[in-house]
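Note that the numbering runs from 1 along the sequence shown for the chain.
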Amino acid sequence: MSFYRYNGFLNIYKESGWTSMDVCAKLKGILGVRRIGHAGTLDPMAEGVLPVAVGRATKDVDKVGHEVKVYKAGMLLGAVTDTEDITGKLLSIFGREFRVTDENSESVPDDGYAFYSNADFANSSSGVKAITEQAYAIEKNDGKAPDEATVKAAILSFIREYDQLTPKYSARKVNGKKLYEYARAGVEVERKRKHVHIYDISIESMELPHVVFTVKCSQGTYIRTLCHDIGEMLQCGACMESLVREQVGRFKIEDSIRLSDVEAIRDKGSLDAAFTIEAPTAISIGKFDGTHVGHQTLLKDLKRLADKKGLRTCVIIFKFGKETVLSDLDRKMKMAELGIDYSIELEFTDEIKNTTAEDFLKNILIDKYNMKAIVAGDDVSFGKGRAGNAEFLKAHAEEYGYEVKLIEKVTIDLKQTADDAGCMEGKEPSERTSSNLEGKATIISSTLLRAELLKGDMLHVTRLLGAPYAISGVVIHGKHIGTDKLAMPTLNIAVPEELILPPNGVYAVRVNIYDDKKGSSIRTRTGIANLGYAPTVNEDGAEKTGLRLETHVFGDIGDCYGKFARIELCYFIRHERKFDDLSELKRQVTEHDIPETEKFFAGLIG
């Protein structure tokens, strides 16, 4: 199983001074992911829209990269630099060569204009701007500077297709090496032209020698080269002074978020809502609390339909309140196991609650998540007043171009698989089983699942989930009492507060240790675990230590600290209780709890 915590595109506002790869590296740390890529480089001086693909969405980077782009560019007329933007070394001003003899010399153009500046100033952005403004004033005074009408005509003449020469300072490769690497080494190499399309240009302002214009163009267009080419047409030179990318395909600057915003949204637990999906999808929507076998039946139908139509699978999960059967991470892992490409968790906020069904359908399901088909229960509902029901979906299918498939509720017979009254001496059947449900066809629901879980009937819970109930987390250090005093080392996991849990007590468990980088299971063992506060060893206020799952693994499992563990609670052994001392606790575990666990895994009980 390849598992990614986050999947989709983030519309990032890249700030000046960052490279596009800097942004990706920062996001890797924020999101805790490795698979990430951007859809179109922005130069360090540039700002604006940078679509970043995360997880499975990296498959669609090229598709987004080829979308039409919109930029707002500032052009400085008269200045030519080696990088074609204002950050480069000044080469000429209004057609006259600009030379600096050494680092501390005064810089004087060939015609004798008195521009007294040292090399550091001349090669700074502010220096290039100041020197060019002075030169323009002289050129204008002499009647040599192009007027506004001439400049406007030259700019608008580029609304066409043309073959653009790749700039020296660019990431395009020649013989496996990036052009900017050759340029920095002073090596001249042949640069190829690329066919580009300028769809539209609109001039926003013109205060010569400064011009601001908006350009709509094809993938691969260098705006600094466009400025350079306009300058060549005007026979005075030009370079790019500023650049803001306002749009890439459907990614718009007004919807973009800064890196600092990503961190804040992540910390609130609502980052999923920031992602969009580019690939066409088949979608299911609902609460999916526990992802029980009823949900799984629906999701299997979703995957079949998606595979048939060549779509990606996407599940939109509404989160109501804090309490949940599975943690966000466990639910996403379960979705991945079921072959779901994208699982998006949306907090059921007032904004979502008050969104009309049609707005939710168009703006979220179709525009944001690219829905081409939907598979849902026949009781589906979304939008204000729950107006987005099955009839609503069918009524709008032709208008918005999607297919609808509705699934009936799934029932189950929670039959006893063993004589619970006789398999555990001294226990009442009511402590472990919901016997009133057995032998009856019962509709599977999240409500039923929660009820069985709270009773601790893990056999029924397993049947409802199609797999044992699991608690996941990173293995942390405990007090080492199990190792040092009981000769029974344990794996310790802090239990998330939002989980709806079975009773505190001892359970027969299956332990899965995951590689924290790849998300794949690397070690599986059986064992015994205590869910609770360990009152025997936490005498100074047990609950102050926090709820934990402490697992003793049968057999060697190696060093697990810092690793991600998933503990499956397969069978309830007994309730948690406080013993008089550690010796009594050890006798209980070794003489009763472990033998009961071994019987369960041998198939003798349960």
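- In this structure, Asp147 does not pair ionically with Lys152, as no charged nitrogen and carboxylate oxygen lie closer than 4.0 Å.
- Shown here is Lys368, whose NZ atom has more than 12 heavy atoms of other residues, nucleotides or ligands within 6.0 Å.
- Shortest non-hydrogen contact noted between Leu77 and Phe94 is O-CZ, 3.7 Å.
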Begin from the C-alpha positions of Leu299 and Ser284 and carry the test side-chain contact (heavy atoms from CB on, under 4.5 Å) through to its verdict. CA-CA 8 Å; Leu299 296 177; Ser284 285; 4.3 Å; yes
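- For the salt bridge (charged side-chain N to carboxylate O under 4.0 Å, His left out) condition, the pairs that include at least one residue of residues 344-364, sequence neighbours left out, are Lys319-Glu345, Lys319-Glu347, Arg331-Glu345, Lys362-Asp367.
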Counting only pairs under 3.5 Å, give me each side-chain donor-acceptor contact of residues 229-238, with atom names and distances, residues two or more places apart or in other chains.
{"residue": "Asp229", "atom": "OD2", "partner": "Tyr162", "partner atom": "OH", "Å": "2.8"}
{"residue": "Glu232", "atom": "OE2", "partner": "His228", "partner atom": "NE2", "Å": "3.4"}

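- In this structure, SG in Cys217 is found 8.0 Å from CG in Leu226, a value given to the nearest 0.5 Å.
- For Thr81 against Leu91, the heavy-atom pair with the smallest separation is C-CD1, 3.8 Å.
- A salt bridge does not link Lys334 to Asp330: none of the charged side-chain nitrogens sits closer than 4.0 Å to a carboxylate oxygen.
- To the nearest 0.5 angstrom, Leu10 atom CG is 4.0 Å from Phe275 atom CZ.
- Checking Asn11 against Ser256 by side-chain atom types alone, no donor-acceptor pair falls below 3.5 Å.
- Counted within 6.0 Å of CD on Glu398, heavy atoms from surrounding residues, nucleotides or ligands total 12 or fewer; the atom is thus considered open.
- A salt bridge is absent between Glu403 and Lys394: the closest approach of a Lys/Arg side-chain nitrogen to an acidic carboxylate oxygen does not fall below 4.0 angstrom.
- The backbone N or O of Ser327 sits nowhere less than 3.5 Å from a side-chain atom of Thr324 that would complete a donor-acceptor pair.
- Screening residues 183-200 for side chain to side chain donor-acceptor pair (under 3.5 Å) gives Glu161-His195, Asp163-His195, Lys168-Glu188 as the qualifying pairs, with residues at least two apart or on separate chains.
- Aromatic rings from Phe360 and Phe318 are positioned such that their centres are separated by under 6.0 Å.
- Thr132 places no side-chain N or O within donor-acceptor distance of the main-chain N or O of Pro209, the cut-off being under 3.5 Å.
- Expressed to the nearest 0.5 Å, how far CD1 of Ile36 lies from CG of Leu27 amounts to 4.5 Å.
- Taking a 6.0 Å sphere around NZ of Lys177, one finds it holds more than 12 heavy atoms contributed by other residues, nucleotides or ligands.
- Note: Asp261 CG to Ile12 CD1 = 8.5 Å, rounded to the nearest 0.5 Å.
- Judged as a side chain to side chain donor-acceptor pair (under 3.5 Å), the pairs with a partner in residues 244-253 (not counting sequence neighbours) are, in order, Tyr71-Arg245, Arg250-Glu278.
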Step-by-step side chain to side chain donor-acceptor pair (under 3.5 Å) determination, Thr58 to Arg35
CA-CA 7 Å; Thr58 51; Arg35 196 169 178 180; 2.9 Å; yes
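- Side chain of His210 to backbone of Met206: no donor-acceptor contact under 3.5 angstrom is found.
- Tyr169 approaches Asp82 most closely through the heavy-atom pair CD1-O, 3.5 Å.
- Formation of a donor-acceptor pair under 3.5 Å by the Thr83 side chain with backbone atoms of Gly88 is found in this model.
- A 4.5 Å side-chain heavy-atom check between Thr221 and Ile198 finds at least one atom pair inside the cut-off.
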Checking Tyr402 against His396 for the side-chain contact (heavy atoms from CB on, under 4.5 Å) test, could you report, in this order, the C-alpha distance in whole Å, the side-chain angles of both residues, the deciding distance, and whether it holds?
CA-CA 8 Å; Tyr402 61 84; His396 289 81; 3.5 Å; yes
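- You'll find the ring centres of Phe251 and Phe9 inside the 6.0 Å limit.
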(message) One pair to check against side-chain contact (heavy atoms from CB on, under 4.5 Å): Thr291 and Met335. What are the steps and the verdict?
(response) CA-CA 8 Å; Thr291 317; Met335 292 291 178; 4.1 Å; yes
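- When atom types are taken as modelled, the side chain of Glu67 and the backbone of Val64 share no donor-acceptor pair closer than 3.5 angstrom.
- Side chains of Thr225 and Glu84: a donor-acceptor N/O pair is present below 3.5 angstrom, by distance only.
- Checking side-chain atoms of Lys59 against main-chain N and O of Gly55 turns up no donor-acceptor pair under 3.5 Å.
- Using cut-offs of 30° and 60° for the angle between ring planes, the Phe564 and Tyr514 rings count as perpendicular.
- Salt bridge status for Asp272 with Lys332: present, with a side-chain N to carboxylate O gap under 4.0 Å.
- How far CD of Glu207 is from OG of Ser205: 6.0 Å, rounded to the nearest 0.5 Å.
- Listed here is the closest heavy atom pair of Thr313 and Gly339: OG1-O, 3.2 Å.
- Cys227 approaches Cys239 most closely through the heavy-atom pair CB-C, 4.0 Å.
- Using modelled atom types, one finds a donor on one side chain and an acceptor on the other under 3.5 Å when comparing Thr214 with Glu204.
- Here the shortest heavy-atom pairing between Leu208 and Pro146 reads CD1-O, 3.6 Å.
- With Lys14 contributing its side chain and Trp18 its backbone, the two residues share a donor-acceptor pair below 3.5 Å.
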Could you list the donor-acceptor pairs under 3.5 angstrom formed by side chains in residues 42-51, with sequence neighbours left out?
{"residue": "Asp43", "atom": "OD2", "partner": "Arg224", "partner atom": "NE", "Å": "2.7"}
{"residue": "Glu47", "atom": "OE1", "partner": "Tyr13", "partner atom": "OH", "Å": "2.7"}

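- Put simply, the side chain of Tyr136 never gets that close to the backbone of Ile131: no donor and acceptor are under 3.5 Å apart.
- Between the side chain of Arg160 and the main chain of Ser157, a donor-acceptor pair closer than 3.5 Å is present.
- The shortest side-chain heavy-atom distance between Leu31 and Val262 falls under the 4.5 Å cut-off.
- Around the NZ atom of Lys173, the shell of radius 6.0 Å holds no more than 12 heavy atoms that belong to other residues, nucleotides or ligands.
- Every residue two or more places apart in sequence or in another chain was checked for a salt bridge (Lys or Arg N to Asp or Glu O under 4.0 Å) with Glu148, and none qualifies.
- Side chains of Thr281 and Arg312: a donor-acceptor N/O pair is absent below 3.5 angstrom, by distance only.
- Of the candidates Leu90, Asp85, Thr87, Ile93, Val128 forms a side-chain contact (heavy atoms from CB on, under 4.5 Å) with just one, namely Leu90.
- Taking CG from Leu346 and CD1 from Ile285, the interatomic distance works out to 10.0 Å, rounded to the nearest 0.5 Å.
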